[in-house]
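Below is one structure, written out as structure tokens; the observations come after it.
Numbering of residues begins at 1 and proceeds along the displayed sequence. In this text, all values refer to a predicted model and were calculated from it rather than measured experimentally. In what follows, every heavy atom counts, from backbone to side chain, and hydrogens, waters and symmetry copies are set aside.
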Amino acid sequence: MTHEESEIIRQFAILIVALGGGGAAVNAIDWLKATFNLSGYAALATTAAVATVLAVAALIVEGQLSPDGVNWQNFGQVVAIVLWAAKARFDMLRAKEKKR
């Protein structure tokens, strides 16, 4: 695979993650809440978990996080980056949920 082909695949993956982080994620969260009859803190935790998964996926796809780059020396920084990205996704998902 050439560098150009891998870049096209990476850009496509970024697009998929971005779309998944939008309305599709809110629909998935609503489905999880309805299926498992979640409310209160359980519903909030579900939204946070989905936001974290989406944040990690986005960081990996964008090349900002890779398993090779994680070690004990920078583990705290990696956790902070993931939490920051998850918080941003969580805020976005909560705002979209409230609009419904």
For this session: For the residue pair Phe90 and Leu44, establish whether any side-chain heavy-atom pair is separated by less than 4.5 Å.
Result: yes
Seminar exercise, completed: With sequence neighbours left out, the residues meeting side chain to side chain contact (heavy atoms under 4.5 Å, CB included) with Lys33 are Ile29, Leu38, Ala43, Thr47, Glu97
Problem set entry | Distance, nearest 0.5 Å, that separates CE of Met92 from NZ of Lys87 | 12.5 Å
For this session: Consider only side-chain heavy atoms of I, L, V, M, F, W and Y, link residues closer than 4.5 Å, and tell whether Val50 and Val53 are in one cluster.
Result: no
For this session: Treating Ile, Leu, Val, Met, Phe, Trp and Tyr as nodes and any side-chain heavy-atom pair under 4.5 angstrom as an edge, say whether Leu32 and Leu93 lie in one connected cluster.
Result: yes
For this session: Indicate if Ile60 and Val79 have the same hydrophobic cluster label, given that clusters are the connected sets of ILVMFWY residues with side-chain heavy-atom separations under 4.5 angstrom.
Result: yes
Exercise. Just how far is it from atom NE2 of His3 to atom CD1 of Ile8, taken to the nearest 0.5 Å?
Worked result: 10.5 Å
Exercise. Can you list the residues that meet the side chain to side chain donor-acceptor pair (under 3.5 Å) rule with Glu7, with sequence neighbours excluded?
Worked result: Arg10, Gln11
For this session: With sequence neighbours excluded, give me every ring-ring contact (aromatic ring centres under 6.0 Å, His included) pair touching residues 29-71.
Result: none
Exercise. Does Trp84 belong to the same Ile/Leu/Val/Met/Phe/Trp/Tyr cluster as Val82, with side-chain heavy atoms less than 4.5 Å apart forming each link?
Worked result: no
Exercise. What heavy-atom pair brings Ala51 and Ala86 nearest, and what distance separates the two atoms?
Worked result: CB-O, 3.6 Å
